[in-house]
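Here is the structure we will look at.
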Amino acid sequence: MAIVPLALLVYFVIQIYNEKTEKIGVLDHYLDRIELSASISNVIDQLQTERRYSFGYVINREWKTEMLLQRAKTDSAVQNLSRSEQTDSIETYTFLDSLGTIRIGIDNLVLNPMQVTSFYTNTLFRLNTLNLVSAGNITYLQPVYGDLQAQKLLSEMVTYLGLIRANVYYGLYSQAPASQTAEGLRSIYDIYKSYEKEFRLKGSLSAIQAFEKMNVNTDYRPTILYIENFLRTGQFDSTYTTERWW
């Protein structure tokens with residue numbers, strides 16, 4: 001009679017131990033993915049900035065010092081990402097293996113602004129596809145799911161908004177037909193807005209509140225209003241010079 005309760009006790013202890021071990025394993029894997037996501041986000045952030053300076057340098061030969069300093073930051077971020085066991089040969093399928101060649105073309109001024117934008121944007125798009133951490137159906141990870149979704153969606157928004165801003169700048173600088181520039185940006189802006197809508201639906205409350213605060217207190221709002229007015233009218237706002245837009 002004493003053996004049965006003891007056996008049950010041992011059984012329950014083993015079950016509890018296995019469950020806790022499984023949870024620890026899941027959390028360890030999840031933390032690895034979080035760290036990887038942070039590394040990818042850092043590379044994306046640095047490439048965004050490098051794209052901006054490289055684009056400006058090819059157009060009017062300015063921002064060379066800023067561009068060269070930024071390259072060192074980008075290289076550091078890429079090296080950190082490459083050290084992860086989960087990113088074996090990541091350079092070969094994210095266009096990062098062509099970064100050195102593109103930089104040489106930029107330095108020698110053999111690339112036009114659209115070629116520069118295209119390379120960096122394609123690389124950013126590809127990196128964003130890898131920047132995904134899902135809580136799945138794991139109940140005890142659901143509280144952080146909204147923040148993870150917000151991070152991914154904001155990264156996509158930054159990529160598209162950067163592309164739109166660069167094209168508006170080039171249109172202002174080159175004095176290209178405004179209607180032609182606007183027509184090329186409408187679909188890109190539609191995609192940007194679709195990500196914003198998804199962010200508002202899936203992001204955490206704190207992330208949405210932070211976004212709304214930014215929408216009121218920073219240059220983000222006038223930037224969006226300028227873009228929307230430009231797309232609606234097909235005309236550049238004469239109150240903005242090329243350099244002021246930059």
Side-chain angles (χ1 to χ4, degrees), residues 37 40-56 59 93-96 98 102 112-134 145-174 176-204 207-216 218-237 240 245-246:
S37 178
I40 293 174
S41 295
N42 188 32
V43 173
I44 289 172
D45 186 43
Q46 301 305 332
L47 280 172
Q48 292 273 10
T49 306
E50 184 172 331
R51 176 179 66 175
R52 180 184 181 190
Y53 289 130
S54 299
F55 181 78
I59 290 176
Y93 55 84
T94 57
F95 307 109
L96 286 172
S98 301
I102 292 296
N112 63 49
M114 292 301 101
Q115 288 174 313
V116 173
T117 301
S118 177
F119 168 78
Y120 282 100
T121 300
N122 288 343
T123 305
L124 290 165
F125 284 156
R126 190 64 183 90
L127 285 167
N128 267 323
T129 65
L130 306 175
N131 193 13
L132 180 62
V133 182
S134 175
Y145 183 69
D147 285 320
L148 294 172
Q149 286 286 88
Q151 175 193 353
K152 176 70 167 59
L153 293 168
L154 286 170
S155 182
E156 296 282 8
M157 289 167 62
V158 168
T159 298
Y160 279 95
L161 185 57
L163 180 59
I164 294 168
R165 291 173 59 231
N167 276 272
V168 171
Y169 175 81
Y170 188 60
L172 288 167
Y173 180 84
S174 64
S179 58
Q180 181 179 332
T181 302
E183 191 61 34
L185 292 180
R186 282 195 177 91
S187 61
I188 299 175
Y189 188 69
D190 287 343
I191 295 173
Y192 168 82
K193 293 298 289 185
S194 75
Y195 278 117
E196 182 184 327
K197 290 178 182 177
E198 187 177 1
F199 167 80
R200 293 181 184 278
L201 289 172
K202 297 181 179 180
S204 65
I208 295 171
Q209 289 175 340
F211 181 78
E212 292 300 341
K213 184 178 180 180
M214 179 190 73
N215 196 16
V216 174
T218 70
D219 288 334
Y220 171 76
R221 185 60 182 167
T223 300
I224 293 299
L225 289 175
Y226 180 94
I227 293 170
E228 290 181 346
N229 182 65
F230 170 59
L231 295 178
R232 184 176 64 257
T233 64
Q235 298 294 324
F236 290 117
D237 186 341
Y240 275 80
W245 175 255
W246 180 272

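Since this is a predicted model, take the numbers as computed values, not measurements. By convention here, the first residue in the shown sequence is residue 1.
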Between [X] and [Y], is any pair of side-chain heavy atoms under 4.5 Å apart?
X	Y	answer
Gln115	Ile102	no
Ile164	Phe230	no
Leu163	Tyr192	no
Ile44	Leu47	no
Leu161	Ile224	yes
Asn122	Ser118	yes
Tyr169	Ile59	yes
Gln209	Lys213	no

Any donor and acceptor pair, going by atom type alone, linking the side chain of [X] with main-chain N or O of [Y] inside 3.5 Å?
X	Y	result
Ser155	Gln151	no
Thr117	Met114	no
Lys152	Asn128	yes
Arg165	Ile227	no
Ser41	Ser37	yes

(request) Answer with yes or no whether the side chains of Asn42 and Gln46 bring together a donor and an acceptor at under 3.5 Å. (result)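 Judged by distance alone, the side chains do pair up.
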(request) Check whether the side chains of Arg126 and Thr129 place a donor and an acceptor atom closer than 3.5 Å, and report yes or no. (result)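 Yes.
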(request) Carefully, step by step, assess Phe199 and Glu156 under the rule side-chain contact (heavy atoms from CB on, under 4.5 Å). (result) CA-CA 10 Å; Phe199 167 80; Glu156 296 282 8; over 6 Å; no
Supply the atom-to-atom distance [X] [atom1] to [Y] [atom2], rounded to the nearest 0.5 angstrom.
X	Y	atom1	atom2	value
Leu172	Asp237	CG	CG	9.5 Å
Arg52	Tyr120	CZ	OH	14.5 Å
Glu196	Tyr189	CD	OH	7.0 Å
Leu127	Thr159	CG	OG1	9.0 Å
Phe95	Phe125	CZ	CZ	11.0 Å
Arg200	Glu212	CZ	CD	4.0 Å

(request) Give the intermediate values and the outcome of side-chain contact (heavy atoms from CB on, under 4.5 Å) for residues Val168 and Tyr240. (result) CA-CA 11 Å; Val168 171; Tyr240 275 80; over 6 Å; no
(request) Determine whether the aromatic ring centres of Trp245 and Phe236 lie less than 6.0 Å apart. (result)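 Ring-ring flag for Trp245/Phe236: false, centres at least 6.0 Å apart.
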(request) Kindly say whether the aromatic ring centers of Tyr173 and Tyr170 come within a distance under 6.0 Å. (result)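 Distance test on ring centres: not under 6.0 Å, no.
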